[in-house]
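Each chain gets a letter, A, B and so on, in the order the sequences are listed, and its residues count up from 1. Values in this document were obtained by computation on a predicted structure and should not be read as measured data.
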There are 2 protein chains.
Amino acid sequence: MPRLYPLLIWSRARKMDNKKIEKISRALSDTNRIAILQEFKKKKDCLYCAEVNDLLDLTQPSVSHHLKQLVDADLLVPQKEGRNFKYLLNETVLNEYIACLNSLKD
Amino acid sequence: MPRLYPLLIWSRARKMDNKKIEKISRALSDTNRIAILQEFKKKKDCLYCAEVNDLLDLTQPSVSHHLKQLVDADLLVPQKEGRNFKYLLNETVLNEYIACLNSLKD
DNA sequence: AATAAACATCGAAATATTTAAATATATGAA
DNA sequence: TTCATATATTTAAATATTTCGATGTTTATT
């Protein structure tokens with residue numbers, strides 16, 4: 001029986017396929033959704049659904065639609081809090097996306 | 001008359017407005033256009049229109065449409081060469097876009 | 001239990017995007 | 001000049017996206 005040795009796998013960022021890049025790009029291709037993401041800079045770390053409703057000049061169903069695009073692209077992570085919803089920015093996915101864009105330059 | 005002193009303005013990347021971010025994101029939100037950009041990695045520095053036609057499984061007008069999206073977003077710079085067209089990747093704009101995405105994380 | 005608040009879903013209208021066929025334009029070659 | 005090649009534009013069809021009003025669901029409060 002051969003001995004097994006530990007193997008260090010060096011994967012800082014999982015490779016994104018083009019469908020995933022497409023999905024994230026599409027999620028970013030709307031000024032309302034860009035504004036949502038930028039609002040995270042003004043808050044500490046999370047953003048409440050109600051805050052997004054105040055931020056955008058849109059009806060509640062439209063805001064819900066835009067948040068869903070961002071969540072479906074994994075850019076936002078939703079967390080239920082009673083009857084409220086809060087969202088966290090998924091920096092891991094954002095970093096993976098940025099890494100893909102950087103790799104275009106080589 | 002007061003003396004004037006030289007002023008160093010440190011602007012590595014011009015600030016992009018949200019409409020511009022939207023436009024670039026939309027240009028990136030299609031697997032055909034992502035494939036075009038990735039093809040630059042395999043080439044030295046420029047890509048010919050005819051090469052893009054070979055790369056994609058689309059008719060010539062469709063390829064022309066996709067190239068136009070990338071050019072309109074300033075991601076590609078077109079150069080006429082006789083009756084051919086070649087495209088250069090605009091790394092400056094790509095870097096500005098990446099800088100905007102990075103700034104979301106603060 | 002009844003009500004209100006927060007958010008999601010459905011349905012429909014308006015608009016935008018993708019694609020290809022047909023056609024136009026510009027350039028190089030004969 | 002005429003013809004062929006490379007690319008762009010126009011038009012139309014199919015599909016996707018954005019938005020809102022109406023309604024549904026879940027949860028907290030009374």
Item to check | Rounded distance (nearest 0.5 Å) linking atom CG of B/D30 with atom NE2 of B/H66 | outcome: 4.5 Å
Item to check | Atom-to-atom span, CG of B/D57 to P of C/dT18 - whole angstrom | outcome: 17 Å
Next on the checklist: Do A/E39 and A/V52 make a side-chain contact, defined as non-hydrogen atoms from C-beta onward lying under 4.5 Å apart?
Outcome noted: no
Next on the checklist: Can you measure B/N53 atom CG to D/dT5 atom P for me and round it to whole angstrom units?
Outcome noted: 15 Å
Item to check | CG-CZ distance between A/N18 and B/R33, expressed to the nearest 0.5 angstrom | outcome: 12.5 Å
Checklist entry - Rounded to the nearest 0.5 Å, how far does OG1 of A/T31 lie from NZ of B/K19? => result 5.0 Å
Item to check | Proximity to DNA chain C (any heavy atom under 4.0 Å), residues of residues 34-43 of chain B only | outcome: none
Item to check | Heavy-atom neighbours of A/D57 CG exceed 12 at 6.0 Å | outcome: no
Next on the checklist: Could you check whether any side-chain heavy atom of B/Y48 comes within less than 4.5 Å of a side-chain heavy atom of B/K43, counting everything from C-beta outward?
Outcome noted: no
Checklist entry - Given atom OH of A/Y48 and atom C1' of C/dA6, what is their separation to the nearest angstrom? => result 13 Å
In residues 67-77 of chain B, what donor-acceptor pairs under 3.5 Å come from side-chain atoms, sequence neighbours left out?
{"from": "B/K68", "atom 1": "NZ", "to": "B/D72", "atom 2": "OD2", "distance (Å)": "3.1"}
{"from": "B/Q69", "atom 1": "NE2", "to": "B/H65", "atom 2": "ND1", "distance (Å)": "3.3"}
{"from": "B/D74", "atom 1": "OD2", "to": "B/K20", "atom 2": "NZ", "distance (Å)": "2.6"}

I'd like a table of atom pairs between the protein and nucleotides 25-28 of chain C - only N or O on both sides, under 3.5 Å - with the distance next to each one.
{"from": "C/dA26", "atom 1": "O3'", "to": "B/K80", "atom 2": "NZ", "distance (Å)": "3.2"}
{"from": "C/dT27", "atom 1": "OP1", "to": "B/K80", "atom 2": "NZ", "distance (Å)": "3.3"}

Checklist entry - Looking at side-chain heavy atoms only, is the closest gap between B/L37 and B/L89 below 4.5 Å? => result yes
Checklist entry - Which of these nucleotides, C/dC7, D/dT18, D/dA8, is closest to any side-chain atom of B/Y87? => result D/dA8
Checklist entry - Rounded to the nearest 0.5 Å, how far does CD1 of B/I34 lie from SG of A/C100? => result 9.0 Å
Checklist outcome for this item: The reported gap from NZ in B/K42 to CG in B/L55 (rounded to nearest 0.5 angstrom) is 7.0 Å
Next on the checklist: Could you check whether any side-chain heavy atom of A/L101 comes within less than 4.5 Å of a side-chain heavy atom of B/L101, counting everything from C-beta outward?
Outcome noted: yes
Item to check | For B/N53, side chain to side chain contact (heavy atoms under 4.5 Å, CB included) partners two or more places apart | outcome: B/C49, B/Q60, B/V63
Item to check | Neighbours of DNA chain C within residues 59-79 of chain A, by heavy-atom distance under 4.0 Å | outcome: A/Q60, A/P61, A/S64
Checklist entry - Among residues 20-29 of chain B, which residues get a heavy atom nearer than 4.0 Å to DNA chain C? => result B/R26
Next on the checklist: Whether A/N84 contacts D/dT26 is assessed here as follows: a side-chain N or O lying under 4.0 Å from the phosphate OP1 or OP2. Is that the case?
Outcome noted: no
Item to check | Separation of C/dC7 P from A/L58 CG (nearest whole Å) | outcome: 15 Å
Next on the checklist: For a side chain to side chain contact (heavy atoms under 4.5 Å, CB included) check, start with the C-alpha distance between A/L47 and A/K86, then their side-chain angles and the critical distance, and finish with the verdict.
Outcome noted: CA-CA 6 Å; A/L47 193 59; A/K86 76 177 178 190; over 6 Å; no
Checklist entry - Want to settle it: does B/F85 or A/R33 sit nearer the 5' end of DNA chain D, counting the closest nucleotide to each? => result B/F85
